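Heavy atoms only: backbone and side chains are in, while hydrogens, waters and symmetry mates are out. Note that the coordinates shown come from a computational prediction; the quantities given were computed from them, not determined experimentally. Count residues from 1 along the sequence.
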Amino acid sequence: MIKDFILPDIGEGVVECELVDWLVNEGDMVTEDQPIADVMTDKALVQIPAPHAGRITKLYYAKGDIAIVHQPLYAVEMDNDDAEHTQSPTAEVKPVVETGSTITSAVSQSNVEDFLLPDIGEGIVECELVDWLVEEGDMVVEDQPIADVMTDKALVQIPAMKAGKIVKLHYRKGQLAKVHSPLFAIEVEADEASMTSAPEQVVQQAVNQSVVTSGEPVAQGKALASPAVRRMARALDINIALVIGSGKNGRVYKEDIERHQQGGVNHSAALSTIEPSAHVSSSVSTTEVATLTQSGVDRVEPIKGVKAVMAKMMVESVSTIPHFTYCEEFDLTDLVALRESMKQRYSTDEVKLTMMPFFMKAMSLAMNEYPILNSQVNADCTELTYKSRHNIGMAVDSKVGLLVPNIKDVQSKSILNIAADITRLTTAARSGRVSPADLKDGTISISNIGALGGTVATPIINKPEVAIVALGKLQVLPRFNAKGEVEARKIMQVSWSGDHRVIDGGTIARFCNLWKHYLEQPQEMLLAMR
């Protein structure tokens with residue numbers, strides 16, 4: 001049996017991703033969970049695994065193409081046993097309603113489709129069904145919220161891919177829903193079902209009868225639209241980002257595509273009939289491309305991927321957290337000397353003994369005395385959770401944007417173990433391949449702006465954490481010693497941002513003084529270790 005793998009989302013707004021690289025070829029045999037492709041999502045470069053073993057029969061995208069969610073990514077030929085298993089993934093789950101032959105026969109009809117709970121290659125295998133927002137028999141519209149589910153990250157809503165009638169809910173509240181298994185069944189209109197299931201090449205063939213195109217198709221930009229509408233824009237060689245949407249939040253419908261095409265070529269015939277016409281041409285798209293590539297013309301590109309996520313998180317942090325900043329000067333002369341004496345002996349290809357492991361370990365020791373720096377506050381600021389694990393994040397300037405992986409359980413690790421984790425995560429983050437698990441559950445963050453030459457900053461808190469510190473560059477500056485003599489000392493400026501809802505200036509000053517004490521006198525840090 002040949003089965004399409006549908007590129008999914010998990011209700012977090014992912015509508016498309018870039019196909020960076022195929023890790024298999026057509027005709028290859030693959031095993032379950034074998035990596036199939038690298039795709040660039042809104043968060044990072046991740047791998048899509050195979051949910052089933054079999055032989056790859058078709059790859060639907062070329063490298064560099066934009067893959068659309070809820071559309072086939074590749075096709076795999078499975079043996080009969082695996083095929084039968086995938087046909088009945090809900091056998092072990094008790095249905096919401098004990099039904100008879102009515103629903104069974106309805107589901108078997110061609111216009112009743114199962115919505116498969118998807119993942120996006122980030123290790124999610126199940127999620128809790130918190131609440132249904134619809135009931136069986138309800139009519140829903142496209143993008144209407146259907147259910148609230150709890151993933152590893154947050155409470156998110158699952159939207160409807162298409163308009164139609166809900167005929168079956170496969171889970172009850174509180175049950176664990178499995179990925180790649182049906183979440184609900186929806187009955188769609190026959191014409192919509194046929195339109196969304198029609199192969200793209202059939203649509204393209206019909207359009208080619210009326211539209212004269214040349215060269216490569218226009219690249220599709222970011223826009224709010226269904227996969228069917230995006231297919232129509234690609235078939236007509238129209239950049240959907242340039243189409244003015246008439247729907248909610250600027251959503252683009254098929255009528256908007258038609259209106260854009262008609263207005264650009266001054267043609268009155270409805271494009272939905274796709275009748276042959278010698279007067280229709282691609283002059284609009286070619287004119288737009290020529291305009292964008294002219295010398296001296298402003299270049300516009302969409303904010304997407306990790307940069308878009310960072311923008312959203314930073315706005316939310318600044319708008320919901322009252323920040324305050326505290327700066328201090330550290331004299332790291334003795335710590336630099338200690339690190340230099342140890343670097344030759346303990347540094348390897350797997351372990352780079354930088355200054356960061358000492359900063360993290362000293363911070364962890366100081367948080368033992370001031371645990372509020374390692375706390376998190378809930379959304380309405382009514383509860384404060386003191387985290388038992390010291391998961392210290394470090395900002396990394398990667399090729400996909402700013403990433404903040406964190407070192408887990410710093411409180412129980414040696415400086416060399418921390419150094420090994422930092423080396424591993426820095427290498428992974430700079431290539432964009434950091435594991436989602438390494439990005440989750442951070443409790444406090446460090447931003448090393450000094451690596452690029454800065455001295456003082458006002459960092460933005462990585463919500464829901466309550467504090468972040470920026471390390472300035474290490475400078476050799478003149479300072480007076482105890483005898484009043486001028487000496488050359490290695491000085492670093494550090495800049496704290498704190499959540500003023502739970503941390504006051506005195507607390508962060510006392511915490512910073514203890515952290516400074518451990519770093520300026522590293523022998524004290526060694527004595528404080530357990």
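- Using a 4.5 Å heavy-atom threshold, the side chains of Val20 and Val39 count as separate.
- Atom CD1 in Ile461 sits 5.0 Å away from atom CD1 in Ile321 (nearest 0.5 Å).
- Take Asp438 and apply the side-chain hydrogen bond (donor to acceptor under 3.5 Å, both in side chains) test, not counting sequence neighbours, and it matches Arg424.
- Looking only at side-chain heavy atoms (C-beta outward), Ile36 and Val30 come within less than 4.5 Å of each other.
- Closest approach of Ala429 and Leu403 over heavy atoms only: O-CD1, 3.8 Å.
- Proximity of a side-chain donor or acceptor of His70 to a complementary backbone N or O of Ile68 within less than 3.5 Å is not detected.
- Side chain of Gln262 to backbone of Arg259: no donor-acceptor contact under 3.5 angstrom is found.
- Side chain of Gln144 to main chain of Val141: a donor-acceptor pair is present (N/O by atom type, distance under 3.5 Å, no hydrogens or angles).
- Atom CE of Met356 and atom CG of Asn448 lie 4.5 Å apart (nearest 0.5 Å).
- Within the 4.5 Å cutoff, side-chain heavy atoms of Pro35 are placed close to those of Leu23.
- Remark: Asp21 pairs with Lys63 by the salt bridge (charged side-chain N to carboxylate O under 4.0 Å, His left out) rule, at least two apart or across chains.
- Residues Ser317 and Ile460 come closest through the heavy atom pair OG-CG2, 3.5 Å.
- Counting only heavy atoms from C-beta outward, the side chains of Lys440 and Asn406 never approach each other to under 4.5 Å.
- The minimum heavy-atom distance linking Val134 with Leu169 is given by the pair O-CD1, 3.8 Å.
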Run the numbers on Ile166 and Val140 for side chain to side chain contact (heavy atoms under 4.5 Å, CB included), then give the verdict. CA-CA 7 Å; Ile166 301 296; Val140 298; 4.0 Å; yes
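- At least one donor-acceptor pair closer than 3.5 Å links the side chain of Glu465 to the backbone N or O of Ser445.
- Residues satisfying the side-chain hydrogen bond (donor to acceptor under 3.5 Å, both in side chains) test with Thr443, not counting sequence neighbours, are Asn374.
- When the salt bridge (charged side-chain N to carboxylate O under 4.0 Å, His left out) test is applied to Glu77, the partners found at least two apart in sequence or on another chain are Arg55.
- Here the side chains of Pro459 and Ser497 are in contact, with some heavy-atom distance below 4.5 Å.
- For Tyr61 against Ile66, the heavy-atom pair with the smallest separation is CE2-O, 3.4 Å.
- No more than 12 heavy atoms of other residues, nucleotides or ligands sit less than 6.0 Å from atom NZ of Lys387.
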Under the side chain to side chain contact (heavy atoms under 4.5 Å, CB included) rule, what do Lys165 and Val188 come out as? Steps first, then yes or no, please. CA-CA 7 Å; Lys165 177 182 177 182; Val188 298; over 6 Å; no
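- Applying the salt bridge (charged side-chain N to carboxylate O under 4.0 Å, His left out) test to Glu301 and every residue at least two apart in sequence or in another chain returns Arg299.
- By the side-chain contact (heavy atoms from CB on, under 4.5 Å) test, Pro51 pairs with Phe5, Tyr74, His180, sequence neighbours left out.
- Considering NZ of Lys178 and CG of Leu183, their distance stands at 13.5 Å, rounded to 0.5 Å.
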Tell me, with the steps shown, if Ile422 and Lys352 meet side chain to side chain contact (heavy atoms under 4.5 Å, CB included). CA-CA 8 Å; Ile422 291 174; Lys352 304 296 183 185; over 6 Å; no
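- Separation of atoms CG (Asp397) and CG (Leu452) is listed at 6.5 Å; rounding is to 0.5 Å.
- Asn378 is linked by a side-chain hydrogen bond (donor to acceptor under 3.5 Å, both in side chains) to Asp380, Thr382, counting only residues two or more places apart in sequence or in another chain.
- With a 4.5 Å cut-off on side-chain heavy atoms, Pro159 and Phe115 do not count as touching.
- With a 4.5 Å cut-off on side-chain heavy atoms, Asp256 and Ile244 do not count as touching.
- Asp148 places none of its side-chain heavy atoms less than 4.5 Å from the side chain of Ile158.
- Scanning for salt bridge (charged side-chain N to carboxylate O under 4.0 Å, His left out) contacts around Lys463 gives Glu316, with sequence neighbours left out.
- Taking the side-chain contact (heavy atoms from CB on, under 4.5 Å) definition, one finds that Asp4 meets it with Ile6, Tyr60, Pro72, Ala75, sequence neighbours left out.
- Partners of Glu26 according to the side-chain contact (heavy atoms from CB on, under 4.5 Å) rule, which considers only residues two or more places apart in sequence or in another chain, are Lys58, Leu59.
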Show the numbers, then the answer: is there a side chain to side chain contact (heavy atoms under 4.5 Å, CB included) between Val76 and Ile2? CA-CA 6 Å; Val76 60; Ile2 296 179; over 6 Å; no
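- How far CE of Met360 is from CG of Asp421: 9.0 Å, rounded to the nearest 0.5 Å.
- Heavy atoms only, all atoms of each residue included: Ala467 and Ile444 are closest at O-CG1, 3.5 Å.
- Rounded to the nearest 0.5 angstrom, Tyr171 OH and Trp132 CH2 are separated by 9.0 Å.
- Heavy-atom minimum distance, Ala163 versus Ile186: C-CD1, 4.1 Å.
- Listed by chain and residue number, Arg389, Asn391, Gln411, Ser412 satisfy the side-chain contact (heavy atoms from CB on, under 4.5 Å) test with Asp409 (two or more places apart in sequence, or in another chain).
- Contacts of Thr354 classified as side-chain hydrogen bond (donor to acceptor under 3.5 Å, both in side chains), with partners at least two apart in sequence or in another chain: none.
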